[in-house]
Amino acid sequence: MPELPEVETVRRGLESVFTGSTIERVEQKRADLRFPFPEDFASRLAGRRVLALRRQAKYLIGELDDAQALVMHLGMSGSFRIDDAPLGRFHHTCLVNRAHDHVVLHFASGARVIYNDPRRFGFMLLAPRADLPLHPLFARLGVEPLGPDMSAEVLAAALAGRKAPLKTALLDQKTIAGLGNIYVCEALHRAGLSPLRAAGDLVTARGKPKRALVDLTQAIQEVLREAIEAGGSSLRDHRQTDGSLGYFQHSFRVYDREDAPCPTPGCRGQISRVGQAGRSTFFCRHCQK
DNA sequence: ACACTATCCTGCAGGC
DNA sequence: TGCCTGCAGGATAGTG
């Protein structure tokens, strides 16, 4: 489900509940999601205070007071919601127990944070914070698109010599971290670049970014910032943690708009849909070259 | 090294 | 109405 803007929206929604708060108790309703939970997951979390909640790529990372990190990934259909209504006097668990609620974090403040994930492609794990950069999930992640290291030059280094289609290369988290199917399609349209083009074409023989790659860099940052501003995109599952919907889906120019007229001013093309790497790509053949 | 495919799982839309 | 197929915002292991 969630790409960088949705995960960042979730992080912002959870931040005030997590930061500085103590996890009193964890209800873990099954032994596994995408992966088995760590041994003693619930007991290791109980009593821990959360120092900060940050995001890297599509991961949420809770920094704990025992030098561990609680790493959370939402997969395709994961979501968090906050429930801070008082618990009933005789109820030890949440009053509202929805299908696919898998984990409930009970904070000392009385608030509960509930993780729900129908497809169970998401996961949670605990790892020593200092080891995270070397952890298999993080070690090979590409540049953070809204971070200080993002630049056309860094992307040029990641794309140089690659014959894979541009769409596929951008979807690869080792090239750039946090993009998914929607925002890759949207960024390519904004930059006027064909998803079918070889990725290495955007780099000169000397390894410098061509003008097109400078435009793409800007388009990626622009679309991600606008989407975060809108609270992410709500298609099927994504909601903000207070239950409200993001609204960036109304700003899609190409995603899920097959046969619609191209929104580029003056362009008379219409949106095509093609399959790439097993997913749908939406783009305008007329103005994306 | 690189680029596909199949795969994990549930829900939903569309066709018949 | 129901059954079937395919597709969905992710990411990896395995194959060629």
Side-chain angles (χ1 to χ4, degrees), chain A residues 1-11 29-37 55-60 71-80 98-102 115-125 135-142 145 157-188 195-201 220 223-224 227-228 230-240 245-252 254-259 273-282:
Chain A
M1 140 201 184
E3 305 182 32
L4 188 153
E6 290 73 40
V7 178
E8 178 59 25
T9 298
V10 169
R11 191 198 68 79
K29 296 171 184 287
R30 53 179 300 134
D32 65 308
L33 291 173
R34 190 183 201 309
F35 307 119
F37 280 96
R55 177 195 58 74
Q56 184 180 348
K58 300 173 194 170
Y59 296 93
L60 289 171
V71 177
M72 298 168 277
H73 194 287
L74 302 170
M76 289 276 260
S77 60
S79 64
F80 284 99
R98 301 182 191 168
H100 311 298
D101 282 352
H102 302 309
Y115 180 69
N116 183 288
D117 188 355
R119 293 173 71 178
R120 306 203 302 274
F121 287 176
F123 58 88
M124 296 188 190
L125 58 86
H135 193 283
L137 293 171
F138 293 93
R140 288 157 43 171
L141 283 180
L159 296 176
R162 290 179 66 177
K163 291 172 186 162
L166 192 47
K167 158 80 183 299
T168 311
L170 294 174
L171 224 37
D172 181 347
Q173 302 299 293
K174 296 187 285 297
T175 308
I176 180 170
L179 299 182
N181 206 31
I182 291 178
Y183 296 103
V184 167
C185 291
E186 293 297 314
L188 287 172
L196 307 176
R197 197 167 155 166
D201 282 0
I220 289 169
V223 73
L224 294 178
I228 291 170
S233 302
S234 297
L235 294 191
R236 298 164 188 83
D237 307 303
H238 172 71
R239 286 172 177 268
Q240 303 188 39
L245 296 170
Y247 54 87
F248 191 72
Q249 65 279 11
H250 303 301
S251 301
F252 291 166
V254 290
Y255 182 80
D256 204 18
R257 295 178 53 80
E258 185 179 15
D259 297 335
R273 173 195 188 121
V274 298
Q276 284 184 290
R279 354 250 326 238
S280 291
T281 296
F282 299 89

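Convention: sequence-line order gives letters A, B, ...; per-chain numbering from 1.
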So, for Phe282(A) and Phe252(A), is the gap between ring centers shorter than 6.0 Å?
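Between Phe282(A) and Phe252(A), the centre distance exceeds or equals 6.0 Å.
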Between [N] and [X], is there an OP1 or OP2 to side-chain N/O distance shorter than 4.0 Å?
| X | N | result |
| --- | --- | --- |
| Arg34(A) | dT7(B) | no |
| His100(A) | dG11(B) | yes |
| Ser77(A) | dG11(B) | no |
| His73(A) | dG10(C) | no |
| Arg273(A) | dA8(C) | yes |

Tell me the partner of dC9(B), counting only Watson-Crick (N1-N3 plus N6-O4 or O6-N4) or G-U wobble (N1-O2 and O6-N3) with both under 3.5 Å; none if nothing fits.
none
Measure [atom1]/[X] against [atom2]/[N] and give the value in whole Å, please.
| X | N | atom1 | atom2 | answer |
| --- | --- | --- | --- | --- |
| Asp172(A) | dA13(C) | CG | P | 13 Å |
| Arg279(A) | dG6(C) | CZ | C1' | 15 Å |
| Arg120(A) | dG10(C) | CZ | P | 19 Å |
| Phe123(A) | dT12(C) | CZ | P | 8 Å |
| Tyr255(A) | dC7(C) | OH | C1' | 9 Å |
| Leu166(A) | dA3(B) | CG | C1' | 15 Å |
| Met76(A) | dA11(C) | CE | P | 10 Å |
| Leu33(A) | dC8(B) | CG | C1' | 12 Å |

Give me the distance, rounded to whole Å, that separates dC7(C) from dT5(B) when you measure between the P atoms they each carry.
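Approximately 13 Å lies between the P atom of dC7(C) and that of dT5(B).
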In whole angstrom, give me the gap between the P atoms of dC9(B) and dC3(C).
23 Å
Go through dA3(B), dA11(C), dA8(C) for me and flag the one nearest to the Lys58(A) side chain.
dA11(C)
Take the angle between the ring planes of His73(A) and Tyr59(A) and call it parallel below 30°, perpendicular above 60°, tilted in between.
perpendicular
Starting at the 5' end of DNA chain C, which residue's closest nucleotide do you reach first, Gln173(A) or Arg119(A)?
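Per heavy-atom nearest nucleotide, the more 5' residue is Arg119(A).
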Taking for each residue the nucleotide of DNA chain B bearing the nearest heavy atom, is the 5' side occupied by Thr168(A) or by Ala99(A)?
Thr168(A)
Quick check: on DNA chain B, is the nucleotide nearest Gly278(A) upstream (toward 5') of the one nearest Gly161(A), or the reverse? Name the residue that is more 5'.
Gly161(A)
Could you tell me whether the side chain of Gln173(A) and the main chain of Leu171(A) form a donor-acceptor pair under 3.5 Å?
yes
Side chains of [X] and [Y]: closer than 4.5 Å at any heavy-atom pair?
| X | Y | value |
| --- | --- | --- |
| Tyr115(A) | Leu74(A) | yes |
| Thr281(A) | Leu188(A) | no |
| Phe248(A) | Ile182(A) | no |

Looking at dG10(C) and Phe121(A): do their rings stack (centroid distance under 5.5 Å, interplanar angle under 30°)?
yes
